[in-house]
Amino acid sequence: MSSQLDQLKQFTVVVADSGDFATLKQFAPRDATTNPSLILKAAQMPEYKSLVEKTIADTKKSNANAKELLPIVLDDLLIAFVSEILKIVPGRVSTETDANMSFDTDALIAKGRRFIELYKAQGIPRERILIKIASTWEGIRAAEILQREGINCNLTLLFSLAQAVACAEAKVKLISPFVGRIMDWYKAKEKKDFASAEDPGVISVKEIYSYYKKFGHATEVMGASFRNIGEIQELAGCDLLTISPQLLGELRKSETPLPRKLSPEIAHESKIEKIPLDEKKFRWLLNENAMATEKTSEGIRLFNADAQKLAQFIAAKL
């Protein structure tokens, strides 16, 4: 019998959620995702000290007259890590925009374009990059414009159907609904654990997947932020799932049969109804969803905090 990881790969694209590219080879994912927290963790690991130091040295040399070196080094460091990951995975890697730009459409567009230019200078085509942007109204508008320019986006920190619908209507390439963080919120609120099939995060992703397939949206659904393999098993069949190395390891150890739980055929039979959406409706639906409102803003704060820690870590080396 093949492992659950191999079984999952039969109907779902497996993505590695890690900035530690040395661990990626053993799981053979197609794509990979990064975020400020993962890059901070990786940058502090001894095995990547030489990469960090080389990036700093190269950036200093090529930007000797720059008034402010730190922001340039931080961008170059993201590019350096992703470039290494792209040597391992055959598909795409997501690169996160600055969390403090989450409500600034113009800044997000500029950052997305800058990342693509930096990758181009490294000989990396835009088709292999996904620009990660938080699922705010402003972020979705930025992604809509970038997508028209052929720059593919991954809308992250997504916790509600309203956010997902807005992304699909903006023709975003991919969304990352956060399974585990949704479950965390309900677990804290209701003071109880959830069986995998009743996990609120799992239910949310199934609803989004069903909506997309039933109404013909091309946007890809990539479940993210898993707390256990039960959540992954319940979403087998989702377009993509981005999974931490620890949980990838657990899936590889198990040979229990893994049935497909999501499919376009099942989604077409769902009773879900179409949601008419404009900015006012989006903001109202998000406001009415306490979990999504709180987890989106919390996620932006946490990613920004880790970005600041990374900045401090690198500043000390300049």
How many angstroms lie between [atom1] in [X] and [atom2] in [Y], if you round to the nearest 0.5 Å?
{"X": "Gln44", "Y": "Leu310", "atom1": "CD", "atom2": "CG", "result": "8.0 Å"}
{"X": "Thr55", "Y": "Leu51", "atom1": "OG1", "atom2": "CG", "result": "4.5 Å"}
{"X": "Glu269", "Y": "Lys213", "atom1": "CD", "atom2": "NZ", "result": "15.5 Å"}
{"X": "Asp98", "Y": "Leu74", "atom1": "CG", "atom2": "CG", "result": "8.5 Å"}
{"X": "Asn100", "Y": "Phe303", "atom1": "CG", "atom2": "CZ", "result": "13.5 Å"}
{"X": "Asp31", "Y": "Leu86", "atom1": "CG", "atom2": "CG", "result": "9.5 Å"}

Any sub-3.5 Å donor-acceptor pair from [X]'s side-chain atoms to [Y]'s backbone N or O?
{"X": "Thr105", "Y": "Glu138", "result": "yes"}
{"X": "Ser196", "Y": "Glu234", "result": "no"}
{"X": "Thr34", "Y": "Ser94", "result": "yes"}
{"X": "Ser18", "Y": "Ser244", "result": "no"}
{"X": "Glu298", "Y": "Glu294", "result": "no"}
{"X": "Thr242", "Y": "Ala224", "result": "no"}
{"X": "Lys9", "Y": "Ala28", "result": "yes"}
{"X": "Thr293", "Y": "Ala290", "result": "no"}
{"X": "Glu231", "Y": "Val202", "result": "no"}
{"X": "His217", "Y": "Glu169", "result": "no"}

Counting C-beta onward and ignoring hydrogens, is there a side-chain heavy-atom pair between [X] and [Y] closer than 4.5 Å?
{"X": "Arg126", "Y": "Lys120", "answer": "no"}
{"X": "Ile116", "Y": "Leu146", "answer": "no"}
{"X": "Arg30", "Y": "Pro90", "answer": "yes"}
{"X": "Met222", "Y": "Ser176", "answer": "yes"}
{"X": "Asn152", "Y": "Ile129", "answer": "no"}
{"X": "Lys309", "Y": "Asp306", "answer": "yes"}

Report the C-alpha distance between Thr23 and Leu248 in whole Å, list the side-chain angles of each, state the deciding distance to 0.1 Å, and finish with yes or no for side-chain contact (heavy atoms from CB on, under 4.5 Å). CA-CA 11 Å; Thr23 66; Leu248 286 171; over 6 Å; no
Partner of Lys111 under side-chain hydrogen bond (donor to acceptor under 3.5 Å, both in side chains), picked from Asp106, Thr97, Asp75, Thr95, is Asp75
From the list Asn154, Asp17, Thr156, side-chain hydrogen bond (donor to acceptor under 3.5 Å, both in side chains) partner of Thr33 resolves to Asp17
Polar contact flag, side-chain donor to acceptor under 3.5 angstrom, Ser2-Gln10: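 Ser2 vs Gln10: no donor-acceptor pair found between side chains.
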Would you say [atom1] of [X] has more than 12 non-hydrogen atoms from neighbouring residues, nucleotides or ligands within 6.0 angstrom?
{"X": "Lys261", "atom1": "NZ", "result": "yes"}
{"X": "Lys214", "atom1": "NZ", "result": "yes"}
{"X": "Gln26", "atom1": "CD", "result": "yes"}
{"X": "Glu190", "atom1": "CD", "result": "yes"}
{"X": "Lys189", "atom1": "NZ", "result": "no"}

Taking all non-hydrogen atoms of both residues, which atom of [X] and which atom of [Y] are closest, and how far apart?
{"X": "Tyr209", "Y": "Gly237", "value": "OH-O, 3.8 Å"}
{"X": "Ser83", "Y": "Tyr119", "value": "OG-CE2, 4.4 Å"}
{"X": "Ala236", "Y": "Thr12", "value": "C-OG1, 4.0 Å"}
{"X": "Leu262", "Y": "Leu235", "value": "CD1-CA, 3.9 Å"}
{"X": "Ala168", "Y": "Thr219", "value": "CA-OG1, 3.5 Å"}
{"X": "Leu157", "Y": "Ala134", "value": "CD1-CB, 4.1 Å"}

In terms of ring plane angle, is the pair Tyr48 and Phe21 parallel, tilted or perpendicular, where the classes change at 30° and 60°? tilted
Any Lys/Arg nitrogen of [X] or [Y] sitting under 4.0 Å from an Asp/Glu carboxylate oxygen of the other?
{"X": "Glu84", "Y": "Lys87", "value": "yes"}
{"X": "Arg227", "Y": "Asp184", "value": "yes"}
{"X": "Lys281", "Y": "Asp278", "value": "no"}
{"X": "Arg92", "Y": "Glu220", "value": "yes"}
{"X": "Glu149", "Y": "Arg113", "value": "yes"}
{"X": "Lys171", "Y": "Glu144", "value": "no"}

Hydrophobic cluster membership, [X] vs [Y], 4.5 Å side-chain cutoff:
{"X": "Val13", "Y": "Leu8", "value": "no"}
{"X": "Ile175", "Y": "Leu277", "value": "yes"}
{"X": "Leu241", "Y": "Leu155", "value": "yes"}
{"X": "Leu78", "Y": "Ile88", "value": "yes"}
{"X": "Leu158", "Y": "Leu130", "value": "no"}

From CA spacing to verdict: side-chain hydrogen bond (donor to acceptor under 3.5 Å, both in side chains), Thr296, Gln163: CA-CA 10 Å; Thr296 301; Gln163 289 168 301; 3.3 Å; yes
Before giving the answer on side-chain hydrogen bond (donor to acceptor under 3.5 Å, both in side chains), spell out for Thr59 and Asp76 the whole-Å C-alpha distance, their side-chain angles and the decisive distance to 0.1 Å. CA-CA 7 Å; Thr59 305; Asp76 287 351; 2.8 Å; yes
Carefully, step by step, assess Ile272 and Glu207 under the rule side-chain contact (heavy atoms from CB on, under 4.5 Å). CA-CA 8 Å; Ile272 198 164; Glu207 180 183 44; 3.5 Å; yes
Are Lys274 and Phe215 in a cation-pi contact, defined as NZ or CZ under 6.0 Å from the six-membered ring centre and within 45° of the axis?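 Judged by the rule, Lys274 and Phe215 form a cation-pi pair.
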Over-ring placement of Arg141 relative to Trp137, 6.0 Å and 45° cut-offs: yes
Could you check Ile124 against Val82 for side-chain contact (heavy atoms from CB on, under 4.5 Å), going step by step and ending with a plain yes or no? CA-CA 10 Å; Ile124 297 169; Val82 170; 5.9 Å; no
Show your reasoning for whether side-chain contact (heavy atoms from CB on, under 4.5 Å) applies to Leu118 and Gln122. CA-CA 7 Å; Leu118 289 171; Gln122 297 295 320; over 6 Å; no
